[in-house]
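Note that the structure is a prediction, hence the values are computed from the model and not measured.
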Amino acid sequence: MRFGVHALGLRHRLVLAFAVVALLVSAVFAISTYLLARGYLLAQRENVVQHQTFADAAYVQRRLSSAGADVSAVLTAAGTPAGHSIILRWRDQWYASALDEGRDAVPRGVLEEIANGRPASQRFRSDDEAYMVVGVPLPSVNGQFYEIAPLSELDGNLRLLSGILMGGAALATAAGAGLGLWASRSVVTPLNRVAVTAASIAGGDLDTRLPATEDPELATIVGSFNSMVDTLQQRINRDARLAADVSHELRSPLTTLVGSVDLLNARRDELPERSQRALDLVTADLQRFRRLLDDLLELARSDGGLDQRPSTTVDLGELLRQVLGEAGREPAMLRGGTDVVVKADKPRLGRLFRNLFENAETHGGGLTAVEVARVDEDVLVLVDDAGPGIPPHDRERVFERFATGATKRGSSSGTGLGLALVAETVAIHGGAVWCSVAPTGGARFVVRLPEVRS
């Protein structure tokens, strides 16, 4: 059992491919857009905070340079934007514009940079909120100035942007899947049309053709396919006519030969013993030859499309009893078959069962049972023999033409055409035939025919 992508059908693989490509393209676009936008917005925010911090630091430095400056009043008068807070170290003491902040609010890395006399900035998170701190040394007043700015608004904007981009990627993926569905229909529909046409041709309707198309990509395929079918039909018709003509032309000399041999058989007693044995061989071969010609004519008629679906009704039980009597078996051997009516060509259906009975007698060790059973709207005719049975790998091959095989189970006449005629005749009657194993171990041939019910 196969799993994965290869287990999917062509249509599903196309839809999946379009959806994956759309997802990859949209994901790359969304990630690139998010990273670029995030970098730009962060850079702009950092510039704004840094400019604000340097401006505030300069103001605080000027105020602290004057005598008698009040630090708290200076921090309050700095006029920082809403949400910003100031932390100041002056004369080895820490001051803050917010009561809940102090030295601990400044990251260690920034403190170290300021202690070395260099300005520094850093983004950090506190209580699951994003902030940015900018530190500026104030050497003229022996102080350190820090301003902390919240980045929650920027985070919110970035989350909104990521949501929009993800939604866009999802919509692009859905659109890709929809496009893949449309494309798969455009691809699979012509293939399905070819498959249906090919199946119809394989079923015997050689007049079926692909309809013309205006698609230049498909026009060549359609033309080639129809041309192939035309050539195939011509060859089949030519072969069928050849077989029919040859078989028909052979009937006249065969009739002459049969008449001559019958005349010799009428005067058989006047011939020497050696000549009588030769006459017996010739008679047997002529009978086999005549059966072969009849079979070939029947097959040529079927191949030529001259057969029509039978429309007359036949009592199947009565027909089977009649054929059993002609085969030299007791009609009472038939089980079932009461009030079973089928639409059939009575002579051809009789010949079908005669072939099966003679096949069982000649190559199957003798006919052992014939039974009629109803299954749903069909009727089954079971023909069992006493032979060794047919190997599973030969149960379909026996219905091929000239398939005599090692056991010669392919024909009632020894030509390999008997069971082939059975299959052709059953198909004409809208049924089927197959081979299985009889309860006694021999071969069982099953003929299925549609039943006519009142």
Side-chain angles (χ1 to χ4, degrees), residues 203-205 240 244 247 291-362 364 367 369-385 396 398-401 410-413 415 417-436 438 443-454:
D205 189 2
S247 301
R291 290 289 300 274
L292 175 61
L293 280 179
D294 290 340
D295 291 346
L296 286 174
L297 284 172
E298 190 74 19
L299 289 174
R301 177 184 176 187
S302 177
D303 291 342
L306 301 177
D307 292 316
Q308 296 182 351
R309 188 74 176 268
S311 58
T312 58
T313 57
V314 175
D315 188 323
L316 183 60
E318 180 182 347
L319 176 63
L320 288 171
R321 283 187 287 271
Q322 177 183 340
V323 176
L324 281 171
E326 294 173 355
R329 304 303 295 252
E330 290 294 330
M333 174 183 287
L334 176 65
R335 292 187 303 224
T338 305
D339 298 328
V340 176
V341 178
V342 296
K343 284 187 177 181
D345 182 335
K346 186 173 182 180
R348 300 187 70 182
L349 191 62
R351 183 173 182 173
L352 179 155
F353 291 115
R354 189 178 301 109
N355 278 349
L356 287 179
F357 297 162
E358 291 180 358
N359 184 74
E361 292 289 346
T362 305
L367 184 65
V370 180
E371 182 179 355
V372 177
R374 287 187 171 96
V375 177
D376 297 329
E377 297 182 356
D378 298 327
V379 58
L380 302 182
V381 180
L382 315 177
V383 180
D384 298 344
D385 63 37
E396 293 185 6
V398 293
F399 295 103
E400 298 176 1
R401 299 178 185 184
S411 172
S412 62
S413 60
T415 63
L417 294 178
L419 292 181
L421 277 173
V422 169
E424 294 283 348
T425 305
V426 170
I428 293 168
H429 286 77
V433 61
W434 63 90
C435 179
S436 61
R444 164 173 284 183
F445 287 89
V446 183
V447 177
R448 178 181 59 80
L449 296 170
E451 183 180 3
V452 178
R453 298 186 181 183
S454 55

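In this structure, CG on Leu367 lies 11.0 Å from CD on Glu358, to the nearest 0.5 angstrom. Here the straight-line distance linking atom CH2 of Trp434 with atom CZ of Arg444 works out to 11.0 Å at 0.5 Å rounding. Once rounded to the nearest 0.5 Å, the distance linking CG of Leu320 with CE of Met333 reads 12.0 Å. Rounding to the nearest 0.5 Å places CG of Leu324 at 11.0 Å from CZ of Arg354.
Residues Asp315 and Gly337 come closest through the heavy atom pair OD1-O, 4.4 Å. Between His429 and Leu449, the shortest heavy-atom distance links the atoms CB-CD2, 3.9 Å. A pairwise comparison of heavy atoms in Phe445 and Asn359 identifies CE1-ND2, 3.9 Å as the closest pair. The heavy-atom pair separating Ser436 from Val446 by the smallest distance is OG-CG2, 4.2 Å. The two residues Ala443 and Ala438 have their closest heavy-atom pair at O-CB, 3.9 Å. The minimum heavy-atom distance linking Asp385 with Ala360 is given by the pair CB-CB, 3.7 Å.
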Is there a side chain to side chain contact (heavy atoms under 4.5 Å, CB included) between Phe357 and Val370 once you walk through the steps? CA-CA 9 Å; Phe357 297 162; Val370 180; 3.7 Å; yes

Just do the side chain to side chain contact (heavy atoms under 4.5 Å, CB included) check on Leu319 and Val342 with the steps written out, would you? CA-CA 11 Å; Leu319 176 63; Val342 296; over 6 Å; no

Take Leu380 and Glu371, measure what side chain to side chain contact (heavy atoms under 4.5 Å, CB included) needs, and give me the verdict at the end. CA-CA 8 Å; Leu380 302 182; Glu371 182 179 355; over 6 Å; no

Between Lys346 and Gln322, is a side chain to side chain contact (heavy atoms under 4.5 Å, CB included) present by the stated rule, with each step listed? CA-CA 11 Å; Lys346 186 173 182 180; Gln322 177 183 340; 4.0 Å; yes

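Taking the side chain as every heavy atom from C-beta outward, Val340 and Val452 never approach each other to under 4.5 Å. Side-chain contact check for Val341 versus Glu451: every heavy-atom pair is 4.5 Å or farther apart. Here the side chains of Val372 and Leu334 are in contact, with some heavy-atom distance below 4.5 Å. Taking the side chain as every heavy atom from C-beta outward, Glu400 and Leu419 never approach each other to under 4.5 Å. Side-chain atoms of Leu356 and Val447, non-hydrogen and from C-beta on, do get closer than 4.5 Å to each other.
Here the options are Leu352, Val426, Asn355, the test is side-chain contact (heavy atoms from CB on, under 4.5 Å), and the partner is Leu421; only Asn355 passes.
No donor-acceptor pair under 3.5 Å is formed between the side chain of Thr312 and the backbone N or O of Asp345. Put simply, the side chain of Arg448 never gets that close to the backbone of Val433: no donor and acceptor are under 3.5 Å apart.
More than 12 heavy-atom neighbours from other residues, nucleotides or ligands sit within 6.0 angstrom of CD on Glu326.
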